[in-house]
Structures are given as structure tokens and as C-alpha cells.
Amino acid sequence: MRVAEVIVDVPTHDTDRPFDYLIPAELQEEIHIGSRVQVPFGHRKVIGYCIGFKTTSSSIRLKSIYDVMDLVPPLTPELVELGKVMADEYLCPTITALQSMVPAVFKGSYQKVIHPSSEMSENIFSLLNPAEQQLFKILAARGEYTWEEACKIPNMTRRLLRKLVAEKRIFVTERIEDRITKQKVTWVWGKDIHKLKAALSSLSARAIRQKEVLQYFIDHPDEIELPKLLARLQTTRSTVKKLVEQGWLYWEEREQYRDPYKNRQFEQTTPLPLTPEQQQALAGISKPIIEEKFHTILLHGVTGSGKTEVYLQTIEEVLRQGREAIVLVPEISLTPQMVQRFKGRFGERVAVLHSRLSNGERYDEWRKIRRGEVQVAIGARSAIFAPFQHIGLIIIDEEHETSYKQEENPKYHARDIALWRAQAHHATLVLGSATPAVESYYHARTGEYEWIQLKERVHGRPFPQVQVVDMREELRLGNRSMFSGALTGSLIECMKRGEQAVLFLNRRGFATFVMCRECGETITCPHCDISLTYHQTNQTVRCHYCGYAEGLPQICPHCQSKHIRHFGTGTQRVEAELKRQFPGIQVIRMDVDTTSRKGAHEKLLSQFREGKAQVLLGTQMIAKGLDFPKVTLVGVIAADTMLHLPDFRAAERTFQLLMQVGGRAGRHEQPGKVVIQTYSPEHYSIRLAASYQTETFYHQECLIRKRHSYPPFCRLFTILLSYPDRLGLMKYGQEIVQFIRNHAPTNCQLLGPVPPTIPRLKDRYRLQVLIKFQADPIVTARLKQTLHKLRNLFDDKELRISMSREMVDLISDRKVLMREQSEEIEILSKH
DNA sequence: AGCACGCCGACT
DNA sequence: GTCGGCGTGCTC
């Protein structure tokens, strides 16, 4: 007997275990580990994934698998294994973990229809009352009716089903249209050279663009896709349209397989010569690749030190070995230029996965990886699941980026997944950043990761000069505007020279903090060293970590000034202020409002590049990886907005942002300048960023994390509760904390319940509980067990419990666990 | 999660 | 009696 273990598509905790199914003879050859199958489940039919095989089963009544859905299993055995680990670590159903690894087209949907019974006799029909008979006749005539229609007449349907004259059939609808749809592309041609020449002379001298197009066809008589033609000649659709309308050219729409990059030409690029430093880095990364052993490297390189070129050449090494590479980049920097660089070097061997792809396009790219048609996958967070089978190298660029953490279940961090996969493949993991996460830096310093530094910029350009402006001083001098004298002056000079400026407004989340405009002190929690958050509803300030609260102070507790108020500025306000103070200035504003439309992001950036505005104003979305030759001034309007967020990573984020910003100015001929406006110029993250003292900052931050026990010196679990009414939620909050206190390991530290940054969302009140615990496998296991029980304990349907982990160690925790278990076995065997 | 079963009140 | 509302428990 051969039995398949199947994880079914029912994302709840009590169905989160393998169910056993018989494999019919005709499916024996088709089914593999990782296969997607259709199975009977209860009174339904559902999709599932086969995760293993057995020869016996403890279940008494086994059902058979209906069907294997794909010729090639969507998941590899390694990914199935990873799915189990993720479900365990992130406390999510296994099916949720597995589904997050494959393109959306595999999700499938269920369609239910009501159908006349296949076996039906006349005498049953006679049992129906007249109304039922009427409905049945309609059903018989139409053949079937849909579930949506059935829901409109639920009782009648139920009667038909009860009396066995009708039956329900469930179809699993594959999203076939996404998987095979072809794209429509316009092709253009004009093959008759004599005719084209005649056209050329008939056109008026002013029709330059049209003449260029005609000349192109005289030189290249082959047909060409319209987008390609437009790109090559730098012209627009309307020019070609005119020529078609006049009968000189022809075009038609044709269907072809999708390829999002088909219409672009990628100029072949060759490896650039490396600096000695880059060469050393390349050698350092290549060593473990050649040795084919698991190894993690932090590539700590200043902005402009040429990390990408090092990546490209290490990938070449991997390809020479016949292995594969995954490259993760933050979504925001997955720009056409970046893609261009990889496509240019590796051509057809690259698959690109980014969020702008349609479901179908994403599937196409994924399929190239699964079939082994490409060896390099570049993409955002989810590309970490690229179904390669011989991974030699995983690169995470800008590894400190927050976008590597998924906000929905499973709330994984791509860095954690990368570590696990690299180990499974004996591959090398490279974490690249100019401003690594404190955790990564710590691991590099303690020797867990190898630490390779790139300290020089490739073209030897100096770092821009940084000026920190004390906004308290500005206020004292009578300047109440949001631009300091220094920034105003620099901006005017920059305009005069015909250069460009970038202004940052780093506003994250919805948190507002209270600060004294006189002395720059913020109101902080006496227990936590974290800014208190202003709550407009009841005029209080609260700590989001421990729950401490007090009334909104009217005077500053430090200097007794009355100039105390809450902060939170928007880009629109800054733009208005800019236009008021600098009449005639052209500003491009980038924020959620102006970039929500598809393609708006790239459009605004290219407008700025072309010099259509003097100032680019935006939030952190413009801080990353952008390189504008004419930008010589970078201004940070208020460095504090991020610093005082109630987040233990606030200082780290501030430092990282300021360092990134520094890299934006003066990348080319003109020297750059950075002006940082702040109310806390003495804060270490601002001071050390301004003086480029990276080492000192990380050292300082590690000390603070250690003192207050935050990652990497502990592990963190966040529990978010939400409920429709406040009182009920508070009751549950208390009960849950009590439960965890009673059942969790004693050395866990509980903080909360406290309202999170957003205390109410979509008419639901929210509470947060934070658990700090030791990176010890026994403690972790106990805690996970406790939280699991917690799930089943509160059966109020309205109460939602969501859990996420701040730091997961999929490897070393397990290593220790395995070691301890084997020690236990040893001890046992001695007795 | 879905879906059936089963218990109970309202109605023909 | 029958219909339909809603709580309970199971799904290989």
C-alpha cells in the first residue's frame, strides 16, 4: 500500500496536520513530494500538497486522491521541508507557508454547482411538491445552476439536495487564463523600399520624426514590434500611427507569449575591472562557493563602493560551477536600471520577479526557474523561494531594509529564510549593505558571519560635507519656518548654480510625539527610554511598550518652556511652504498620493532626472539607490520624526536613513552637501551619521540593546489582539497576559498589554503584548507551545490573535536543539 | 474554513 | 408535522 500525506488547503490550526490518502494506480507515477493534488475532504473537494509517503496509515477509512494537478510539482522537497519549519517557527498553518512560496496562479479557486442527480428514479421525482418539481424542471433544462444562484434560494436548493434529486459538485478552477494567456503586441512593417522612398520625399520637411521612422525601415526591412521600434527611435506611437494612416506602413496586432522584457534591448555588458578592495571581496566570497560549504558573509560596503559589480562577478563564479544564484533587492530598488545590469551580464539566464508583474507574467518567470531554464533569479522578498535545486549563492542587497519582512502571515523575514536555504544547499549567503542591521553587524563582529568591508568609493569621490542644524537655535533666532537659514541659503545657491536638490521628510507610521521646540527634549517614558506617543482623543501621552500614561504636559518638564507641541508633518505642507518661500520653484513631490498610480514612480523620477524640476521632495522612498548626477544638495527636514518613534529600532533606522541620504549627494563631478535639520543634534545616531562614524554607532547601539535587552541580545514575540469593543478587549488582554505568565517559561519577560501605534483599525480596538525571551531552543519551544494553546483557549470569534516574531534563528537554535537532544540520548544510553 | 447534523421555536 | 435558525464538531 502506498499512502500520500497531504496538507489540505484549509488554513486553520486544527486542520494543520497531514491527512493520509490512498494513491490510485493511475496516479502512482505522477505524484511526487511537492505535488499539488485534489482530494476529498469532509463533504468537500479541496486542493492540497503532497508532503510525503507512507506504506501504512493509522486512519481506518482512507479516501483516494482525485487528481494530481501539475506535471511538475510546484514545490521541491526542500521547499516542503522549509514550509514545515516556517509553520512551526512563525506559528502559521503549513498550507499558508506552502502557498506563500508559489505564484498566485497555483492557489486555485473552488466553484460549486447544483447538478441533477446522476442516479435518479421516477418514483423519487413523484415525492416532490409542485414548487420543487417546477424548480427541478428548470434545473434539468439548464443542466446546472451555480452556487451563487443557489444561495438566493437556499431552502429550495436544500430540499432538492435532501430529496436526492440534485447533487452538489465542486470544481477546482485553475487560473488557466493567467497561465497560458498570450499577450497582444503590435507589429509594424513596410517592406517596399521604393514606396518608402516615395513617402520620404512626399513628407514635409518638418515631419522629422516620421522621416526617421521611414528611414529606419529603409535600412531595416524586417518587421518589428511596435514597442521595440519606439524604444529604438525614441519616438511615440502617434508618429507611427500617422504613417500607417497614410498607407506607407502597416501594422497589426498579434498574439505572442508574454515576456515583460522582450521589447527591451539589453546591451551586453562585460565584467568591469575591480579595485584591489573589490578583488579581495570577490576572492573572499568565491572561496566558500568553490568549497561548496555553507557560509555567511556580511559585505559591509560604503555607498558607491561597487557592491553590485562584486555581486555580478561572484554570480559568474557560481554559474561556472553549474549552480544557481538568488539575488534579493528591495522592491524599490528593483528599477529598470538594476534589471538592465543583470540582464546585460547574464542575458537569458536571468528571471526577474517584482510586484509590478501580472499574475501570469510572474508565473512565466517562476516557471523558467522551476524548469531550470535560468540560473539566476533576481527579485523582491518572495524571490527567496525561487524553486532552484542547486543553489550556490544567495545575495541579499540592502539587507537592513524593512521590506524583507512580510507583514502578512506567514510573517517571515527573507534573511531568516535565506539562512535556512543556504544551509540546506551548502551555499554561500551574502548580506550586503552600507548600513547593516544591528543584528547582522553583531553577528559579523562575533564571528558568526564573515565580515568583508569595502571602505573606498570606486571613483574615489569624497563623501559630501554634512551640516547638522539645531532647530532649537533657529527658533531662538526667531525663525519659525520649517527651513533653517542654512538650508534656505544652500537651496538658493544650489538653484543659482543650476543644480538640483533632494529634500527628505521621513515620516513613518502615524505616530506623533511631543517635543519641546525650545530645548528639543521629547517626553519619554520613565521606564523604557522610548518616546511617549500623543493621543489626541484623551489628551494624554502614553508609552506603547509598557503602558505608562500621563496627561499632556503644558510646559516642558526639562526647561519649563511653553513651546511644547506634538509633531507630524506632511509632504503637502512642506511643498506649500517651499513654494511660498521660493516663488517660481519647481518641485516634484513623491509620496503615497502622487505615486499610487502604476508607473507614476518611475515617471516622476525620470522627470526629475531630465531636469524638469529643481527640487525632489519625498519620503524615504527616494532615499534608496537613486543616482542623479545634478543633485548637489540633500536636505533632511526633520531627522527627529523617525528617531522618536516608539520602536527599539528607531535610532538604527535614523542612522541608516541619514547615511543613505549622504550617499545621494555629489555622486559625480560637483561636490555635494547635506543639511540635516534636527531638534536633537546631540543624539548619537545623528551625530555619528553626520561624522560618518559607523563603527562607533554600531558599538554604541549594541551596548544599548544589551542594556535594555533587545535583539540581538534576546528574541521577541509580538502578539497583536483586536476586538470590536474596548472593554472586552482589555479583559481578554489581561487574561491572555495572565495565561502566558502562568504557562510560559519563567525567564520570559512580558511587556503589556498596551495599545499599539494604531490603537483602533477598521472599527476594531487593538492591544499588543511583547514577549522577550532567551535564544534558547528549550525556552523557544515551550513558549511556542504556550502560544499554540493560547490560540485554542479563547473561542470568541470576534477576538483575533496575530503573532509575529522579531528575530528568528532557523539554524543555530535548531543546531543547539539537535545537539542537546543527542546529548540527552547519550546520557540516557549510559544508564 | 465549510459543511452537515441536530436541537428548538415558529408556522402551515 | 415541517421549515429554517443557529450552535457543535469533524474533515484521512
Side-chain angles (χ1 to χ4, degrees), chain A residues 1-24 27-28 31 33 35-69 80 84 87 91-100 106-115 117 127-135 146-173 408-410 788 791-802:
Chain A
M1 185 169 70
R2 197 152 169 257
V3 173
E5 293 181 283
V6 175
I7 296 290
V8 292
D9 176 23
V10 182
T12 57
H13 284 90
D14 44 334
T15 51
D16 185 22
R17 62 201 155 89
F19 286 85
D20 295 346
Y21 288 90
L22 287 170
I23 306 166
L27 296 178
Q28 291 285 347
I31 192 164
I33 285 181
S35 284
R36 200 164 54 117
V37 294
Q38 287 179 30
V39 290
F41 193 66
H43 303 272
R44 296 183 285 163
K45 175 158 75 175
V46 296
I47 290 178
Y49 282 92
C50 171
I51 62 153
F53 298 106
K54 308 202 286 192
T55 47
T56 56
S57 174
S58 49
S59 302
I60 312 144
R61 214 169 283 134
L62 285 184
K63 291 183 183 173
S64 285
I65 290 178
Y66 283 139
D67 205 5
V68 175
M69 297 174 73
V80 168
K84 292 185 207 164
L91 304 177
C92 73
T94 313
I95 190 68
T96 312
L98 295 178
Q99 275 168 344
S100 70
F106 286 111
K107 228 176 197 166
S109 52
Y110 303 98
Q111 207 193 329
K112 287 165 283 188
V113 294
I114 303 300
H115 206 267
S117 265
L127 290 175
L128 302 182
N129 67 32
E132 290 162 356
Q133 286 190 7
Q134 198 190 346
L135 178 65
T146 66
W147 189 251
E148 285 69 44
E149 289 168 313
C151 286
K152 287 178 198 146
I153 43 168
N155 300 327
M156 289 299 286
T157 301
R158 200 139 86 187
R159 280 188 239 167
L160 292 191
L161 291 174
R162 259 189 200 175
K163 294 186 175 173
L164 295 173
V165 297
E167 61 191 23
K168 192 171 65 195
R169 292 186 187 178
I170 301 168
F171 294 96
V172 174
T173 321
E408 292 99 59
N409 258 337
H788 243 301
R791 274 246 159 79
N792 305 325
L793 206 68
F794 297 88
D795 62 343
D796 191 327
K797 266 186 224 127
E798 282 300 340
L799 179 71
R800 277 181 221 152
I801 306 175
S802 131

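Protein chains get the first letters and strands the later ones, always in sequence-line order, with residue 1 at the start of each. Bear in mind that the values here come from a model prediction, so they are computed numbers and not experimental data. Note: hydrogens, waters and symmetry copies are ignored here, and every other heavy atom, side chains too, is used.
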Inset, instruction - Would you please name every residue forming a side-chain contact (heavy atoms from CB on, under 4.5 Å) with A/Leu27, sequence neighbours left out? - result: A/Ile23, A/Pro24, A/Glu30, A/Ile65, A/Asp67, A/Val68

Legend entry - Of residues 48-62 of chain A, the positions that come close to DNA chain B - non-hydrogen atoms, cut-off under 4.0 Å: none

Legend entry - Pair listing, salt bridge (Lys or Arg N to Asp or Glu O under 4.0 Å) test, anchored in residues 47-60 of chain A, at least two apart: A/Asp20-A/Lys54

Legend entry - Interatomic distance, A/Lys63 NZ vs C/dC10 C1' [rounded to whole Å]: 10 Å

Inset, instruction - Whole angstrom is fine here: how far is it from CZ in A/Arg44 over to P in B/dG2? - result: 6 Å

Legend entry - Exercise: identify the closest heavy-atom pair between A/Ser57 and A/Leu62: OG-CD2, 3.7 Å

Legend entry - Spacing of A/Gln99 atom CD and A/Cys92 atom SG [to the nearest 0.5 Å]: 10.5 Å

Which pairs of donor and acceptor atoms, one on a side chain in residues 39-50 of chain A, lie under 3.5 Å apart (sequence neighbours left out)?
unit_1  : atom_1 : unit_2   : atom_2 : d
A/Lys45 : NZ     : A/Ile170 : O      : 3.0

Legend entry - Residue pair A/Phe106 / A/Leu98, side-chain heavy-atom distance below 4.5 Å: no

Inset, instruction - Whole angstrom is fine here: how far is it from CG in A/Leu22 over to C1' in C/dC12? - result: 9 Å

Legend entry - Separation of B/dA1 P from A/Ile95 CD1 (nearest whole Å): 14 Å

Inset, instruction - Kindly state whether the pair A/Phe41 / C/dT11 counts as stacked, where counting means centroids closer than 5.5 Å and planes tilted less than 30° apart. - result: yes

Inset, instruction - Round to a whole Å and report the spacing from CZ of A/Arg169 to C1' of B/dG2. - result: 20 Å

Inset, instruction - Please name all residues satisfying side-chain hydrogen bond (donor to acceptor under 3.5 Å, both in side chains) with A/Thr96, sequence neighbours left out, ordered by chain then number. - result: none

Legend entry - Neighbours of DNA chain B within residues 10-17 of chain A, by heavy-atom distance under 4.0 Å: A/Val10, A/Thr12, A/Asp14

Inset, instruction - Search all heavy atoms of A/Met1 against all heavy atoms of A/Leu22 and return the closest pair with its distance. - result: SD-CD2, 3.7 Å

Legend entry - For DNA chain C, the residues among residues 1-8 of chain A that have a non-hydrogen atom under 4.0 Å from it: none

Inset, instruction - Give one of base, sugar-phosphate or nothing for A/Pro18, where a contact means two heavy atoms less than 4.0 Å apart. - result: nothing

Polar-atom pairs under 3.5 Å, protein N or O versus N or O of nucleotides 7-9 of chain C: list them with distances, or write none.
none

Legend entry - A/His43, nearest nucleotide to its side chain (from B/dA1, B/dA4, C/dC12): B/dA4

Legend entry - Set of side-chain contact (heavy atoms from CB on, under 4.5 Å) partners for A/Arg800, sequence neighbours left out: A/Ser722, A/Arg764

Legend entry - Rounded interatomic separation in angstrom, taking CG from A/Asp9 and P from B/dC3: 13 Å

Inset, instruction - Rounded to the nearest 0.5 Å, what's the gap from OG1 on A/Thr12 to CZ on A/Arg791? Could you check? - result: 11.0 Å

Inset, instruction - Go through the steps for A/Lys84 and A/Ile7 under the test side-chain contact (heavy atoms from CB on, under 4.5 Å), then give the verdict. - result: CA-CA 10 Å; A/Lys84 292 185 207 164; A/Ile7 296 290; over 6 Å; no

Inset, instruction - Just jot down the side-chain hydrogen bond (donor to acceptor under 3.5 Å, both in side chains) partners of A/Ser64, sequence neighbours excluded, or say none. - result: none

Inset, instruction - Please list, chain by chain and in numerical order, all residues satisfying side-chain hydrogen bond (donor to acceptor under 3.5 Å, both in side chains) with A/Arg17, sequence neighbours excluded. - result: none

Inset, instruction - Can you sort out the partners of A/Thr94 under side-chain hydrogen bond (donor to acceptor under 3.5 Å, both in side chains), two or more places apart, ordered by chain and number? - result: A/Asp16

